[in-house]
Amino acid sequence: MKRNDSTDIPVAHLQDGDMRVSVLGHGAVTQGWWYKGRALILGYDDPLHYLDDPFYRGAIVGRVANRIGGAGFTLDGAHHALEPNDGPNTLHGGPEGLSRQPWQIERVSPREAVLAHVSPDGAGGFPGTVRFELRIRLDCPRLTYSISAWPGRPTPISIAQHNYYTLGSARGISEHRLQLASDRHLELDGQGIARGGIVDSASAGLDFSSPRRIGQAATDLDHFFLFRTGGRLDQPVATLAAPSGLTMTVRSDQPGAQVYSAAHLSAPFAPHAGVCIEPSGHPNAPNVATFPSIVCTPDKPYHQTLVLEISETGA
């Protein structure tokens with residue numbers, strides 16, 4: 001499947017009060033999110049730069065977010081070989097995943113945009129044709145992503161939204177204070193693949209169950225934290241507070257999130273310039289029997305809701 005190499009990338013602009021959002025028809029990328037003129041995420045001014053962006057900035061990633069070990073899985077007795085793009089593994093759906101695809105902007109109103117993409121049977125090695133729909137709703141100070149997918153046959157689906165959050169800071173996120181509704185994260189092997197083990201975060205120096213500066217972590221963050229909220233949207237899964245006084249509250253119905261402190265970002269952005277909080281299903285779930293299944297069917301379609309809310313306490 002070919003990438004969208006068009007030089008005419010459609011853009012949808014939303015605004016409500018002091019908040020603005022721009023969304024691209026390439027990769028369903030959130031190009032920009034602003035509150036009172038302050039940029040809340042990293043982004044390129046020129047949409048064309050997203051065609052070759054290797055960092056998934058602002059994109060919807062999948063069909064299966066995160067890493068699938070060995071670039072393959074077995075479903076209903078059949079083995080499905082995927083396209084590797086992270087050594088021998090598949091990351092964020094492979095080299096031609098959803099973040100590399102054209103999305104149709106189907107409807108736009110001042111505060112809402114609906115985008116859709118039909119992924120054909122065999123795309124990236126995944127079975128089944130799947131229609132994906134992204135609904136982005138702006139109700140200042142909230143931004144809501146509703147992600148749905150309808151497969152034609154059983155297939156794994158687990159989507160993540162990949163913003164790099166700055167909350168208006170141009171000096172990186174090491175001093176931002178992060179709190180997670182979590183005290184455990186998944187154990188990773190040397191290739192960053194989850195194999196079923198679970199780690200007590202405090203024992204690993206990664207305890208964010210109370211507010212803590214990101215720079216205080218024992219290592220750069222690139223870990224999947226398991227939420228205690230049970231998928232309830234009335235309870236926050238994360239809170240990110242910037243020194244500027246802006247705070248973002250994250251609500252999600254997913255079981256956990258990859259938290260990435262962007263140690264590997266490169267020009268034009270510096271390492272640790274933003275932080276990703278990517279709610280999704282368990283990584284490598286098709287290959288780990290003890291993880292909750294991410295297999296969806298025509299009778300059990302996919303849905304995810306992500307709610308981001310900004311508050312301000314003063315500089």
Do you know which two heavy atoms are closest between [X] and [Y], and how far apart they sit?
X	Y	result
Gly43	Phe269	O-CZ, 3.5 Å
Ile173	Ala273	CG2-O, 4.1 Å
Gly58	Gln161	O-NE2, 3.1 Å
Leu265	Pro271	O-CG, 3.4 Å
Arg177	Pro211	NH2-O, 3.2 Å
Ser266	Phe55	OG-CZ, 3.4 Å

Should Asp220 and His272 be marked as a side-chain hydrogen bond (donor to acceptor under 3.5 Å, both in side chains) after you check the CA-CA gap, both sets of side-chain angles, and the distance that decides it?
CA-CA 9 Å; Asp220 289 322; His272 306 112; 3.0 Å; yes

Name of the residue among Ser293, Pro286, Cys296 meeting side chain to side chain contact (heavy atoms under 4.5 Å, CB included) with Pro156:
Pro286

Between [X] and [Y], how do the two ring planes meet: parallel, tilted or perpendicular, split at 30° and 60°?
X	Y	answer
Phe208	Phe225	perpendicular
His282	Phe291	tilted
Phe132	His117	parallel
His162	Tyr56	tilted

Do the side chains of [Y] and [X] get nearer than 4.5 Å, heavy atoms only?
X	Y	value
Arg213	Ser174	no
Leu178	Ile277	yes
Leu98	Val61	no
Leu188	Phe224	no
Gln31	Pro47	yes
Arg57	His49	no
Val29	Trp103	no
Arg228	Ser209	yes

Would you say the ring centers of His80 and Phe126 fall short of 6.0 Å from each other?
no

Can you tell me if [X] uses its side chain to pair, donor with acceptor, with the backbone of [Y] under 3.5 Å?
X	Y	result
Asn284	Ala194	yes
Ser261	Ala263	no
Glu96	Gln101	no
Thr30	Gly32	no
Arg142	Val307	no
Thr249	Thr239	no
Ser158	Ser280	no

Apply the test side-chain hydrogen bond (donor to acceptor under 3.5 Å, both in side chains) to residues Gln258 and Asp222: give CA-CA distance (whole Å), side-chain angles for both, the deciding distance (0.1 Å), then the verdict.
CA-CA 7 Å; Gln258 191 80 6; Asp222 196 7; 2.9 Å; yes

Treating Ile, Leu, Val, Met, Phe, Trp and Tyr as nodes and any side-chain heavy-atom pair under 4.5 angstrom as an edge, say whether [X] and [Y] lie in one connected cluster.
X	Y	answer
Leu14	Tyr35	yes
Ile41	Leu167	yes
Val259	Met248	yes
Tyr165	Val21	yes

Applying side chain to side chain contact (heavy atoms under 4.5 Å, CB included), run through Trp34 and Ser22 and close with a yes or a no.
CA-CA 9 Å; Trp34 299 268; Ser22 293; 3.7 Å; yes

Applying side chain to side chain contact (heavy atoms under 4.5 Å, CB included), run through Leu240 and Ile214 and close with a yes or a no.
CA-CA 10 Å; Leu240 181 67; Ile214 291 175; 4.0 Å; yes

Salt bridge (Lys or Arg N to Asp or Glu O under 4.0 Å) partners of Glu106, counting only residues at least two apart:
Arg131

If the threshold is 4.0 Å, N to carboxylate O, is there a salt bridge linking Glu112 and Arg135?
yes

